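Here the structure is laid out as structure tokens; the discussion comes afterwards.
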Protein chains: 2
Amino acid sequence: MIVRQAVNVLEILEYFARVKKPATLAEIADHFGWPRSSTFNLLTTLAEKGYLYEPRPRAGYYPTPRWLVLAREVAEVEPLPGWTRALITALSAETGETVAIVAPSGVMAVFIDVVESAAAIRYFAKVGHRVPIHATSSGRALLLQYSKDERDSLYRKIEFKQYNHTTPISIDAVEAELRKSLERGYCQSFADYSRDLAGVAVPLPIGERRLSVVVAGPEYRIGDKTAAIAVTLQQAVERFRAK
Amino acid sequence: MIVRQAVNVLEILEYFARVKKPATLAEIADHFGWPRSSTFNLLTTLAEKGYLYEPRPRAGYYPTPRWLVLAREVAEVEPLPGWTRALITALSAETGETVAIVAPSGVMAVFIDVVESAAAIRYFAKVGHRVPIHATSSGRALLLQYSKDERDSLYRKIEFKQYNHTTPISIDAVEAELRKSLERGYCQSFADYSRDLAGVAVPLPIGERRLSVVVAGPEYRIGDKTAAIAVTLQQAVERFRAK
DNA sequence: CTAATAAATTCACCTGTATGTACGATTGAA
DNA sequence: TTCAATCGTACATACAGGTGAATTTATTAG
């Protein structure tokens, strides 16, 4: 069951991150289609807790820096080493596509750092973006770092859905794809999950952490270049990790 | 009316900022005394939205960097100029007390940047901390920047509570205190709101924004030094603002 | 000024949701 | 292996809390 008021808090935060200016109760209520009274309750709750304030009289609410303070405290634990950002920035520049660092989360894979392509048509993904671990190149690059036992216990929880006609819909199909990935030296996917989207990924273990890097973009741009992209990817990883 | 699940989201964020490591569902449920099922709903909601993930199998949940990304986007709007941090850091070092930058929020004043005293006995205040605008030195340093009309419309909303025996409990009392503050050149309060707490504050207008700086600590340390602290405060402001 | 309009706030009722309970999965001990 | 203990997940039900309507407060127009 989804907790609606929890989602609303997140949406308010995302709203302010987008509009980047104070907003009145009425504006927020109208934007989300929420009743004024409910919006009132939510905004006063957040304000009372010190997460929203009214910078100028009648100009509306805006988040306090408290979000930043807490987010920093949380993020400074096990931060990614500095070179990963340089890595994905460089890779995005070289390939012209969106590049991300990905971490496991149960049966899903989560984007924990992203540099988006500058192209007009691009893979639009944000930090926090989640994709099925078995049906994406980035996810399978994580699975390659799991033991067979660990993979098996994951497989039991996976709900094999046919997102697209190339989606692997059985344990065997996934295992087969993993074997193929090992042979070719990198993971790939063609719209296994997202329509028109192709990805090339490799494992990126950092200390104890099992991560992966993925270069992803529209199938027609990636399609016949997966091998070349994989080489770029692997060389970049070697180059930056060495430092 | 307080929105409980909104508060719960904030508490989870604060919890992780405190413990700085992944926590399992059971740990979180026990810590807050929440039912497992409710905790389950909340955690899966936050995870589905990309705000929590499970870095390692069975090690529990942890916030994703998405919080940081959004908090940064929100905070980079109208950031405080760099010198304010230097100012409060220097002031805290010079006075040995907690120093904060404060902004108005309706009838309350909100701490938007804080450097805490290193002393064992100190004013423990965090960013987001809220105090009544009329019953604190920092708040009155904000009121000094309001026009009479603006103050009057605020007064109508204030619920005059006797927090302590020195609390001003009428419009006249507040206005009188403001006049005295003007004469002496700075604002002060002795436990008007928080027991045992004394504060010395001055207005700090920055561009269009009405802010204040406050030096606050236990009455017995601040008590007879308010004038000296005020001088330190004003000189520091001049020094840092000049740059 | 006064009226009209819009925004913010309050409140009681009824609905959407938090939770008690039960079940299944996982882990560790023997 | 089996068993016990713990943890995670599903679901129906009672009731906490979201919402529509009314009231108050603020703002704009004339």
Side-chain angles (χ1 to χ4, degrees), chain A residues 1-12 22-49 52-62 104-108 146-159, chain B residues 1-12 22-49 52-62 104-108 146-159:
Chain A
M1 171 188 285
I2 242 177
V3 180
R4 189 137 57 94
Q5 292 290 30
V7 175
N8 290 351
V9 170
L10 305 177
E11 297 210 310
I12 285 200
T24 62
L25 189 154
E27 281 170 345
I28 295 172
D30 292 349
H31 175 83
F32 290 108
W34 295 341
R36 296 246 164 132
S37 47
S38 313
T39 309
F40 174 77
N41 290 338
L42 187 52
L43 292 182
T44 47
T45 298
L46 293 176
E48 266 181 33
K49 285 281 165 183
L52 291 180
Y53 76 126
E54 301 161 76
R56 346 201 63 234
R58 259 164 261 115
Y61 292 91
Y62 197 74
S105 181
V107 300
M108 305 296 275
Y146 281 46
S147 70
K148 184 73 171 68
D149 278 0
E150 290 173 314
R151 287 205 303 279
D152 282 338
S153 83
L154 250 193
Y155 290 148
R156 260 173 272 137
K157 295 180 190 159
I158 291 177
E159 196 197 348
Chain B
M1 173 186 286
I2 241 178
V3 180
R4 190 138 56 96
Q5 292 291 30
V7 175
N8 291 351
V9 171
L10 305 177
E11 297 210 310
I12 285 199
T24 63
L25 190 153
E27 282 171 344
I28 295 172
D30 291 349
H31 175 83
F32 290 109
W34 296 341
R36 294 254 165 120
S37 48
S38 312
T39 309
F40 174 76
N41 290 336
L42 188 51
L43 292 182
T44 47
T45 298
L46 292 176
E48 268 181 32
K49 284 282 165 181
L52 291 180
Y53 76 127
E54 301 161 75
R56 345 203 64 234
R58 259 165 259 113
Y61 292 91
Y62 197 74
S105 181
V107 300
M108 305 296 275
Y146 282 45
S147 69
K148 184 70 171 68
D149 278 0
E150 291 173 312
R151 287 204 304 279
D152 282 339
S153 83
L154 252 193
Y155 291 148
R156 260 173 274 138
K157 296 181 190 158
I158 291 178
E159 195 196 349

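Just so it is clear, the values below take in all heavy atoms, side chains as well, and ignore hydrogens, waters and symmetry mates. What you are looking at is a predicted structure, and each value in this text was computed from that prediction instead of being measured. The chains referred to below are lettered A, B, ... by the order of the sequence lines, with proteins before strands, and numbering in each begins at 1.
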Of B:Ser153 and A:Ser38, the one whose nearest nucleotide on DNA chain D sits closer to the 5' end is A:Ser38
Taking N or O atoms only and anything under 3.5 Å, show me the protein contacts with nucleotides 5-13 of chain D, one pair per line.
| residue | atom | partner | partner atom | Å |
| --- | --- | --- | --- | --- |
| D:dG8 | OP2 | B:Ala26 | N | 2.9 |

Contact boundaries on DNA chain C for chain B, cut-off under 4.0 Å to non-hydrogen atoms = C:dA18 to C:dT27
Of all residues at least two apart in sequence or in a different chain, which pass the side chain to side chain contact (heavy atoms under 4.5 Å, CB included) check with B:Glu54?
-> A:Ser105, B:Tyr61
Quick one: side chain to side chain contact (heavy atoms under 4.5 Å, CB included) partners of B:Lys148, sequence neighbours excluded?
-> B:Arg151, B:Asp152, B:Glu175
Measure from CG on B:Asn8 to C1' on D:dA16 and round the result to the nearest Å.
-> 13 Å
Would you tell me whether B:Ser147 and B:Glu150 have side-chain atoms, one donor and one acceptor, within less than 3.5 Å of each other?
-> yes
How long is the gap from CG on B:Leu154 to CE on B:Met108, to the nearest 0.5 Å?
-> 12.0 Å
Separation between CG of A:Leu52 and CG of A:Leu42, rounded to the nearest 0.5 Å = 8.0 Å
Under 4.0 Å between a side-chain N or O of B:Arg4 and OP1 or OP2 of D:dG17?
-> yes
Below 4.0 Å: OP1/OP2 of D:dG17 and any side-chain N or O of A:Gln5 | no
Go through the steps for A:Val3 and B:Val9 under the test side-chain contact (heavy atoms from CB on, under 4.5 Å), then give the verdict.
-> CA-CA 10 Å; A:Val3 180; B:Val9 171; over 6 Å; no
Partners of B:Tyr146 by ring pair (Phe, Tyr, Trp, His ring centres under 6.0 Å), sequence neighbours excluded?
-> none
Show me the donor-acceptor pairs within less than 3.5 Å that the side chains of residues 25-40 of chain B make with the rest of the protein, sequence neighbours left out.
| residue | atom | partner | partner atom | Å |
| --- | --- | --- | --- | --- |
| B:Glu27 | OE1 | B:Thr24 | N | 2.9 |
| B:Thr39 | OG1 | B:Pro35 | O | 2.8 |

